[in-house]
Amino acid sequence: TNISNILPQLSESESVLAQTIDIYQRALELTIAGSNETMGQDQLDQNAIEIDQLIEQLLLLGNTRVSGRSIFAGTRTGLDPFQATRDINNRITTVTYQGNSDSIEVQISDIARIDSNIPGDEIFQSAIDMFDVLIGIRDDMEAGNQANLSAVRLDEIDQAQKHTSLNMAKIGALQNR
């Protein structure tokens with residue numbers, strides 16, 4: 001059936017979102033630690049390096065492919081949906097979505113069709129742009145801006161975690177049809 005044909009993609013989407021939540025959790029831990037005024041700049045710089053690695057991981061996850069097709073590109077499955085702009089040190093400064101916001105519909109019965117994917121802009125950049133949040137955390141750490149870490153970034157991570165959990169539930173509902 002058509003639904004069994006899309007199960008590998010849905011399963012991989014769910015796995016990617018679980019890994020994304022792990023990234024948010026680690027970013028939250030580092031942000032909480034970084035907002036502690038007793039942390040010195042050397043440790044903030046070390047935490048910023050780890051946040052930079054999390055940004056790279058999130059980019060790779062956003063560009064995940066199943067059977068050669070990007071699972072978060074909307075209907076533009078032949079390309080990597082997320083493109084990074086980098087500075088002279090090869091660090092990501094912005095991430096642009098190159099996919100589209102269209103879902104791929106699959107016929108599951110004579111009268112029923114369902115969306116078989118959630119476009120990446122909805123997952124990573126709609127309620128809150130998680131790439132921008134992580135980039136902001138890294139930059140705040142490097143600048144020693146601990147007040148912004150606690151006043152702004154913690155709430156942004158919380159919003160991103162909730163949004164990702166909601167998308168995981170949507171994918172789970174598709175798998176159970």
Side-chain angles (χ1 to χ4, degrees), residues 10-66 70-73 80-87 89-99 101 117-175:
L10 292 173
S11 178
E12 186 64 20
S13 296
E14 187 175 48
S15 173
V16 165
L17 292 183
Q19 292 173 66
T20 299
I21 288 176
D22 291 344
I23 287 173
Y24 298 163
Q25 184 59 42
R26 183 61 185 147
L28 178 65
E29 293 165 4
L30 292 168
T31 303
I32 289 169
S35 64
N36 184 335
E37 293 177 6
T38 62
M39 182 173 280
Q41 190 59 49
D42 287 346
Q43 186 58 48
L44 283 171
D45 290 341
Q46 288 301 309
N47 286 3
I49 290 168
E50 188 171 345
I51 292 290
D52 204 50
Q53 293 166 350
L54 296 176
I55 297 165
E56 295 287 349
Q57 286 178 324
L58 191 63
L59 180 66
L60 288 173
L61 290 172
N63 288 332
T64 297
R65 290 176 176 262
V66 171
S70 293
I71 61 176
F72 297 118
D80 286 338
F82 293 100
Q83 302 295 319
T85 302
R86 297 175 182 273
D87 65 15
N89 298 316
N90 203 35
R91 295 178 333 146
I92 295 173
T93 56
T94 59
V95 175
T96 306
Y97 184 66
Q98 302 293 317
S101 298
N117 67 327
I118 301 173
D121 60 340
E122 183 177 331
I123 291 174
F124 297 101
Q125 294 181 315
S126 70
I128 190 160
D129 187 325
M130 198 54 203
F131 293 104
D132 284 350
V133 172
L134 292 176
I135 291 166
I137 291 169
R138 178 198 63 205
D139 295 350
D140 284 347
M141 286 180 175
E142 290 176 347
N145 190 349
Q146 292 170 301
N148 207 46
L149 291 172
S150 61
V152 177
R153 303 303 179 193
L154 291 174
D155 182 57
E156 290 175 339
I157 293 171
D158 182 57
Q159 290 176 49
Q161 286 177 313
K162 288 176 182 171
H163 183 71
T164 303
S165 295
L166 176 66
N167 281 317
M168 277 187 76
K170 288 180 188 176
I171 290 170
L174 289 173
Q175 287 176 305

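We use all heavy atoms of the structure for the numbers below, so side chains are in, but hydrogens, waters and symmetry mates are not.
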Does any non-hydrogen side-chain atom of Thr164 lie less than 4.5 Å from one of Met130? no
Residues forming a side-chain contact (heavy atoms from CB on, under 4.5 Å) with Asp22, sequence neighbours excluded: none
Rounded distance [0.5 Å steps], CD1 in Ile157 versus CD1 in Ile32: 8.0 Å
Looking only at heavy atoms, the pair that brings Gly144 and Leu44 closest together is CA-CD1, 4.0 Å
Qualifying residues under salt bridge (Lys or Arg N to Asp or Glu O under 4.0 Å), relative to Arg65, sequence neighbours excluded: Asp80
Kindly indicate whether the side chain of Ile55, heavy atoms from C-beta on, has any atom under 4.5 Å from the side chain of Arg91. no
Mind checking what makes side-chain hydrogen bond (donor to acceptor under 3.5 Å, both in side chains) contact with Ser126, not counting sequence neighbours? His163
Using a distance-only test with no angle check, is there a side-chain donor-acceptor pair under 3.5 angstrom linking Ser15 and Gln19? yes
At their closest point, which heavy atom of Ile71 faces which heavy atom of Glu12, and how far apart are they? CD1-CG, 4.0 Å
For a side-chain contact (heavy atoms from CB on, under 4.5 Å) check, start with the C-alpha distance between Leu60 and Glu56, then their side-chain angles and the critical distance, and finish with the verdict. CA-CA 6 Å; Leu60 288 173; Glu56 295 287 349; 5.7 Å; no
Can you tell me which residue pairs pass the salt bridge (charged side-chain N to carboxylate O under 4.0 Å, His left out) test with a partner in residues 117-134, sequence neighbours excluded? Glu122-Lys170
What's the spacing between Leu54 CG and Leu134 CG if we round to 0.5 Å? 6.5 Å
Smallest separation among heavy atoms of Ala33 and Asn47, with atom names: CB-ND2, 4.3 Å
To the nearest 0.5 Å, what is the distance between CG on Asp87 and OG1 on Thr93? 6.0 Å
Please identify each residue that fulfils side-chain hydrogen bond (donor to acceptor under 3.5 Å, both in side chains) with Glu29, with sequence neighbours left out. Arg26
When Ile51 is tested against each of Ile135, Ile137, Ile23, Val133 for side chain to side chain contact (heavy atoms under 4.5 Å, CB included), which residue passes? Ile137
How about Ser13 and Ile118: do any of their side-chain heavy atoms sit closer than 4.5 Å? no
Set of residues satisfying salt bridge (Lys or Arg N to Asp or Glu O under 4.0 Å) with respect to Arg153, sequence neighbours excluded: Asp140, Glu156
Partners meeting side-chain contact (heavy atoms from CB on, under 4.5 Å) with Asn90 (sequence neighbours left out): Arg86
Can you find a heavy atom in the side chain of Ser70 that is under 4.5 Å from one in the side chain of Thr64? no
How long is the span from the OG1 atom in Thr20 to the CE atom in Met168, to the nearest 0.5 Å? 9.0 Å
List for me each residue that meets side-chain hydrogen bond (donor to acceptor under 3.5 Å, both in side chains) alongside Gln53, sequence neighbours excluded, and say none if there are none. none
Quick one: list whatever passes ring-ring contact (aromatic ring centres under 6.0 Å, His included) with Tyr24, sequence neighbours left out. none
For Asp52, check salt bridge (Lys or Arg N to Asp or Glu O under 4.0 Å) against everything at least two apart and list the hits. Arg138
Rounded to the nearest 0.5 Å, what's the gap from CD on Gln41 to CG on Asp45? Could you check? 4.5 Å
Quick one: side-chain hydrogen bond (donor to acceptor under 3.5 Å, both in side chains) partners of Asn36, sequence neighbours excluded? Thr38
Rounding to 0.5 Å, atoms CE (Met39) and CD (Glu37) come to a distance of 12.0 Å
Side chains of Ile92 and Phe131: closer than 4.5 Å at any heavy-atom pair? no
Salt bridge (Lys or Arg N to Asp or Glu O under 4.0 Å) partners of Asp42, counting only residues at least two apart: none
Taking the six-membered ring for Trp, are Phe124 and Phe82 parallel (under 30°), tilted (30 to 60°) or perpendicular (over 60°)? perpendicular
